[in-house]
Amino acid sequence: MNRLTRRFIATALLLTGLGALLAPGSVLAQNQPDQLYLGIQGGLAQSQFSGDGTDASSRQGFSGGVNLMYNLNEEFSVELKALYTERGADGVRASADPGTSSPAFNLEGDDFALDYYHFPLLAKITAPIEAVKVRLLAGPAVSFLNGATKNGDETRRNIQSEPPVTERFSFYDVSGIVGGEIAVPVPGSLNAEVAIEGGYQFGLPNIDNTQGFELNNRSFDGALTFRIPL
């Protein structure tokens, strides 16, 4: 855990703790049914690749965007997010499938940065706890590749058999998400809240397009969200 990650976690916990201390317990005893929220969020993504024959270290990036959350009743909510997320992995080592149709270059400690437009759809369950809202969340997400680099370059070699980095990866990714969040009210505002969220995301398809590697996105994301009722 580097210094930037520690500072983000410390700031998020401080804001959440202050909100819980300053807010009346009755404010957050339950969700407001039939309430729609608009949220702005930002945070960090700690991501890497996994797969048979693949070894990699994690890579840290930014994740941020907007979300809409709707309370179906006091316990259940649904949320749709539109995010820009930086993913990838450092020190990737992988051997290509010898049966691949194009000549393959094994990965020997290469760094990959992938940028995605990311759209999660989450179901949330709120626990009956006073003073703060504790929510469990889960759901699918679809992501669309915006750009990719290998060791900082969009094209690594001027060789026909190694395509531009973006073309090496699938244009889309589908993932599952599990996690939770803690939300507290914003003092002096009606029904607005600040939430700290953590979630684990696991990509389902192989995102390698061309060279026979098995690469699946894996990520732990932490975010701080400010929501206002509409």
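- In this structure a side-chain-to-backbone donor-acceptor pair under 3.5 Å is missing from Asp115 to Glu86.
- Grouping the Ile, Leu, Val, Met, Phe, Trp and Tyr side chains by contacts below 4.5 angstrom, directly or via other members, places Tyr116 apart from Leu83.
- There is no side-chain donor-acceptor pair under 3.5 Å between Asn146 and Tyr84.
- Taking the side chain as every heavy atom from C-beta outward, Ser175 and Phe202 never approach each other to under 4.5 Å.
- Cluster annotation: Leu36 is not connected to Leu122 through the hydrophobic network of ILVMFWY side chains, with a link wherever side-chain heavy atoms come within less than 4.5 Å.
- Shown here for His118 and Ile177, the closest heavy-atom pair between the two residues is NE2-CD1, 4.3 Å.
- Salt bridge present: Lys124 and Glu181 bring a charged side-chain N and a carboxylate O closer than 4.0 Å.
- The backbone N or O of Pro33 sits nowhere less than 3.5 Å from a side-chain atom of Asn71 that would complete a donor-acceptor pair.
- Classification of Arg135 and Glu75 as a salt-bridged pair fails, no side-chain N sitting under 4.0 Å from a carboxylate O.
- Gln201 and Asn217 form no side-chain donor-acceptor contact under 3.5 Å, judged by distance and modelled atom types alone.
- Between the Asn206 side chain and the Leu215 main chain, a donor and an acceptor come within less than 3.5 Å of each other.
- One hydrophobic cluster holds both Val78 and Leu230 under the rule that ILVMFWY side chains link at heavy-atom gaps under 4.5 Å.
- The backbone N or O of Asn73 sits nowhere less than 3.5 Å from a side-chain atom of Asp34 that would complete a donor-acceptor pair.
- No side-chain donor from either of Ser47 and Arg59 sits under 3.5 Å from a side-chain acceptor of the other.
- The hydrophobic cluster containing Met69 does not contain Leu224, counting ILVMFWY residues as joined when their side-chain heavy atoms lie under 4.5 angstrom apart, directly or transitively.
- Between the side chain of Gln48 and the main chain of Ser57, no donor-acceptor pair closer than 3.5 Å is present.
- Val174 and Ile207 fall into different hydrophobic clusters, where Ile, Leu, Val, Met, Phe, Trp and Tyr residues are linked whenever their side-chain heavy atoms come under 4.5 Å apart, directly or through other members.
- Not a single donor-acceptor pair under 3.5 Å links the side chain of Ser63 to the backbone N or O of Gly43.
- We find the CG-CD distance between Asn67 and Gln41 to be 5.0 Å, quoted to the nearest 0.5 Å.
- At least one donor-acceptor pair under 3.5 Å links the side chain of Arg218 to the backbone N or O of Gly203.
- Note: Phe112 and Phe169 have perpendicular aromatic rings, judged against thresholds of 30 and 60 degrees for the angle between ring planes.
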